[in-house]
Number of protein chains: 2
Amino acid sequence: MLNYSTSEENYIKAIFHLQQEDGTVTTNELAAELKTKPASVTDMMKKLKTKKLVHYEAYHGFRLSNEGKKLALIIIRRHRLWEFFLAEKLKFSWEEVHAVAEDLEHVSSKKLIDKLDEFLGFPRFDPHGDPIPDANGRIETSKQVCLTELPLNKTAIVCHVSDQSSEMLEVLGHKNIMIGTRLEVKKRFDFDNSLEIKTGKQAATTISDQLARNIYVKTA
Amino acid sequence: MLNYSTSEENYIKAIFHLQQEDGTVTTNELAAELKTKPASVTDMMKKLKTKKLVHYEAYHGFRLSNEGKKLALIIIRRHRLWEFFLAEKLKFSWEEVHAVAEDLEHVSSKKLIDKLDEFLGFPRFDPHGDPIPDANGRIETSKQVCLTELPLNKTAIVCHVSDQSSEMLEVLGHKNIMIGTRLEVKKRFDFDNSLEIKTGKQAATTISDQLARNIYVKTA
DNA sequence: AAATATTTTTAGACAAACCTAAAAAGAATT
DNA sequence: AATTCTTTTTAGGTTTGTCTAAAAATATTT
Ligand SMILES: [Mn+2]
Ligand SMILES: [Mn+2]
Ligand SMILES: [Mn+2]
Ligand SMILES: [Mn+2]
């Protein structure tokens, strides 16, 4: 069932990401995304069509078939689990993980990935806050986002704090914020980027930019 | 300096292993090792020669240049560190690690490998007992081997015990065996595979097959 | 509805890594 | 030293994934 080349996998993953927005993807879009030429994209689309991974009619764009989507989620799972591993276990910084994961994602042993998942404690989000598909390809629909980027008045749930120091936990405890807390940002002060937030039925509190940077939330 | 294809890397590694025995490697030998055809080997040797990784004169075999040896040790380092990771952290069995490492070894980030090495605690031997080259390409010359495979009357030093249970440590303590102990196998009883060993100036002791299987030694 | 501009596909070429079959070189036998 | 056997190389071909340049289809303007 699965034994695809690095090139095929990179195309499938890129189509998956592009069609999230557009629905259907064009030749030029994909060529730009993959830093290749439109002619190369057409060649590859013909091949992926015969392999039943994409729906494609000449001149009318393409989108992934169900098979193609399943494959994309497998590759995304590998990519994000490796990113998590690199950040969490090897202490790579946030920005470094992507490039290395871009290569590691093409090592295709199913057992490797499932054991890695287990070793990492079945993490749900990669270091950029993107959800990690599970072994069956199921993926959380809502993206994890830093509290600093949450739009005003949008209800969200705290799902991760990146700094676990006792100082951090002290201030969180005092403000009654923990994993699972439902909150909304009511105001954002441009002067110092501090936030006024509302949690449940309590009075509003203010959160510094410093603190907000370490809190990740999921929109419901 | 280093950006070689998966194919080039597999050839370099295979030549390294073959020339350990032979000194110089032949076309047919290498073709057999890599399950490819002699004609393909000749093609690749021409390429590796222009890249200065091998010394090669038509019809007279080949061996790695210094550059080639350095590259081989980098690839072997990657391979064995991944094998150690798979066995130690992901609980892969002994026999499963090689195939997966055969792919992982071609991910070429130097930082990835050095951080992995650190994360693993700078292991000196892979799960098969082969030594792991360090970040500078230095490699231990003597291979680690299970006590069950040590030839009679050959002095060796205990370097690893794979079972660290308190029961195991109890029996080892009683027999005065620990990491660093110098020993020789004096006799091997076919009936139960038990061993009579001699350590330093003490009287000989007997070790069961069960115990011996968990002790690894390095010949001096 | 033409004319023009943009996008996409086709045609033809190239490098990498492999193959088979034939030729050449070297080694072993007589 | 000539013949025979074995090994190695060359010649020519295939597949995969890329490219440029030209042609065809589609979209946008006028
Ligand atoms: Mn990424
Ligand atoms: Mn990739
Ligand atoms: Mn191995
Ligand atoms: Mn390999």
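Note on naming: letters A, B, ... go to the chains in the order of the sequence lines (proteins, then strands), and numbering restarts at 1 for each one. Side chains included, hydrogens not; waters and symmetry mates left out as well; all remaining heavy atoms used. Not measured: the values here are computed from a predicted model.
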R80(B) side-chain N/O to A101(B) backbone N/O, donor-acceptor pair under 3.5 Å: no
Side-chain N or O of T26(A) closer than 4.0 Å to phosphate OP1/OP2 of dT7(C): no
Parallel, tilted or perpendicular: ring planes of W94(A) versus H128(A), cut at 30 and 60 degrees: perpendicular
D43(B) CG - dT20(C) P separation (whole Å): 13 Å
Phosphate OP1/OP2 of dT20(C): any K37(B) side-chain N/O under 4.0 Å: yes
Aromatic plane relationship, F62(A) with Y56(A) - under 30° parallel, 30 to 60° tilted, over 60° perpendicular: perpendicular
N/O (side chain, Y11(A)) to phosphate O (OP1/OP2, dT18(D)) under 4.0 Å: yes
Atom pair distance, as rounded to whole Å: CD in E9(B) and C1' in dA16(C): 15 Å
Side-chain touch L64(A)/L53(A), heavy atoms, less than 4.5 angstrom: no
Nearest-Å distance for atom pair CD/P, residues E57(A) and dA24(D): 20 Å
d(CG, N10(A); P, dT16(D)) in whole Å: 17 Å
Sugar-phosphate only, base, or nothing, as touched by F62(B) at under 4.0 Å among non-hydrogen atoms: nothing
Touch class at under 4.0 angstrom, heavy-atom based, for S40(B) against every strand present: base
Summary of side chain to side chain donor-acceptor pair (under 3.5 Å) pairs that have at least one residue in residues 118-127 of chain B, sequence neighbours excluded: R124(B)-E140(B)
Separation of dC18(C) P from K35(B) NZ (nearest whole Å): 14 Å
Whichever of S7(A) and H60(A) has its nearest DNA chain D nucleotide further upstream toward 5': S7(A)
Sugar-phosphate only, base, or nothing, as touched by T27(A) at under 4.0 Å among non-hydrogen atoms: sugar-phosphate
Distance in angstrom units between N28(A) CG and dT6(C) C1', rounded: 9 Å
Touch class at under 4.0 angstrom, heavy-atom based, for T42(A) against every strand present: base
Contact nearer the 5' end of DNA chain D, comparing A39(B) with Y59(A): A39(B)
Contact under 4.0 Å: Y56(A) side-chain N or O vs dT8(C) OP1/OP2: no
Length of the line joining E8(B):CD and dA16(C):P, which is rounded to integer Å: 9 Å
Length of the NZ-P vector between K46(A) and dT18(D), whole Å: 15 Å
